[in-house]
Amino acid sequence: MQLILAALAAAACIFLGMMAANRLTARERLLSSWEEILDRLEVKLNQGGDSLPRLLRECARGTGTCLEIAAERLEQEGAVSAEEWLRQIPWEPLLTPPEKETLAKCLEGLFAPFLEQQLQALLFAREQWNRFRRISREAQENNVRLYVSLGWLAGAAVFILIC
């Protein structure tokens with residue numbers, strides 16, 4: 001019985017370490033998806049011709065971000081204010097408050113009446129996003145192996161202590 005308890009406790013420690021590593025990897029994928037959206041937005045804005053709801057929907061398609069839902073909602077509801085629409089966005093929990101704020105400023109800037117203002121908001125967001133991605137990549141590179149190793153070490157320590 002004690003051996004089974006020790007094995008379960010060790011497995012739980014290993015699982016927690018792997019979950020922490022997976023969270024960092026999922027965060028990196030999410031930031032990459034948003035970077036892809038910002039790239040698409042820049043291309044589409046420079047091409048011109050689309051309405052904002054259609055532009056957002058096309059740029060967000062297939063990325064798995066909250067912007068897909070928000071763009072559909074904007075297209076269905078029609079004319080709403082930028083502030084109201086931004087409040088309705090179900091932001092991903094892996095985004096930090098500064099990242100959410102940067103994206104919100106960018107998306108609010110897309111409601112501007114002139115292309116130059118829209119591109120300026122997008123440029124600001126891209127600059128900030130490059131910084132966020134660099135920080136996230138460094139954290140992922142440094143901490144993924146650390147979390148997995150700590151999980152294994154904690155699991156082994158718990159197993160030894162219980163046995």
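- Ile135 and Leu103 fall into different hydrophobic clusters, where Ile, Leu, Val, Met, Phe, Trp and Tyr side chains are chained together by heavy-atom contacts under 4.5 Å.
- As a member of the Ile/Leu/Val/Met/Phe/Trp/Tyr network built from side-chain separations under 4.5 Å, Phe15 groups with Met19.
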message: One pair to check against side chain to side chain contact (heavy atoms under 4.5 Å, CB included): Trp34 and Glu92. What are the steps and the verdict?
response: CA-CA 11 Å; Trp34 274 102; Glu92 288 94 353; 3.4 Å; yes

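- To the nearest 0.5 Å, atom CD of residue Glu68 and atom SG of residue Cys59 are 11.5 Å apart.
- Sorted by first and then second residue, the salt bridge (charged side-chain N to carboxylate O under 4.0 Å, His left out) pairs with a member in residues 151-163 form an empty list; sequence neighbours excluded.
- The neighbour count for Gln120 CD, taken as heavy atoms of other residues, nucleotides or ligands under 6.0 Å away, does not exceed 12.
- To the nearest 0.5 Å, the span separating CG on Leu119 from CD on Glu42 amounts to 7.0 Å.
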- request: Check step by step if salt bridge (Lys or Arg N to Asp or Glu O under 4.0 Å) holds for Arg40 and Glu36.
  value: CA-CA 6 Å; Arg40 289 179 187 176; Glu36 183 181 330; 2.3 Å; yes

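- Closest approach of Trp129 to Leu31, counting heavy atoms only: NE1-O, 3.0 Å.
- Cluster membership for Phe124 and Leu56, using ILVMFWY side-chain heavy atoms within less than 4.5 angstrom, is not shared.
- Distance check, rounded to the nearest 0.5 Å: CD of Glu127 to CZ of Arg131 gives 10.5 Å.
- Between Leu122 atom CG and Leu45 atom CG the span is 6.0 Å, to the nearest 0.5 Å.
- Between the side chains of Glu99 and Thr96, at least one donor-acceptor pair of N or O atoms lies under 3.5 Å.
- In plain terms, the two heavy atoms of Leu55 and Lys44 that are nearest each other are CD1-CB, 2.9 Å.
- Counting all heavy atoms, side chain and backbone alike, Leu38 lies closest to Cys106 at CD2-SG, 3.9 Å.
- Using a 4.0 Å cut-off between charged nitrogen and carboxylate oxygen, Arg87 and Glu83 do not count as a salt-bridge pair.
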- request: List the steps and the verdict of side chain to side chain contact (heavy atoms under 4.5 Å, CB included) for Arg27 and Arg23.
  value: CA-CA 6 Å; Arg27 180 171 153 62; Arg23 183 176 172 90; 5.7 Å; no

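- Distance alone, capped at 3.5 Å, places no donor-acceptor pair between the Glu101 side chain and the Pro97 backbone.
- Put simply, the side chain of Glu35 reaches to within 4.5 Å of the side chain of Asn130, judged on heavy atoms.
- Asp39 meets the side chain to side chain donor-acceptor pair (under 3.5 Å) test with Arg126; sequence neighbours excluded.
- Atom CG of residue Leu95 and atom OG1 of residue Thr102 lie 10.0 Å apart, to the nearest 0.5 angstrom.
- Residues Ala71 and Trp85 come closest through the heavy atom pair N-CZ2, 4.2 Å.
- Although no hydrogens or angles enter the test, the distance criterion places no donor-acceptor pair under 3.5 Å between the side chain of Ser136 and the main chain of Phe132.
- Counting non-hydrogen atoms of other residues, nucleotides and ligands closer than 6.0 Å to CZ of Arg54 gives a total of 12 or fewer.
- The pair Arg133-Glu28 meets the salt-bridge criterion, with a side-chain N (NZ, NE, NH1 or NH2) lying under 4.0 Å from an Asp/Glu carboxylate O.
- When all heavy atoms of Gln118 and Leu110 are compared, the pair lying nearest together is NE2-O, 3.1 Å.
- Closest approach of Thr63 to Ser33, counting heavy atoms only: O-OG, 3.5 Å.
- Cluster membership check: Ile69 does not share its hydrophobic cluster with Ile37, using side-chain heavy-atom separations under 4.5 Å among Ile, Leu, Val, Met, Phe, Trp and Tyr.
- Ion pairing between a basic and an acidic side chain is recognised when a charged N comes within 4.0 Å of a carboxylate O; Glu72 and Arg57 show no such pairing.
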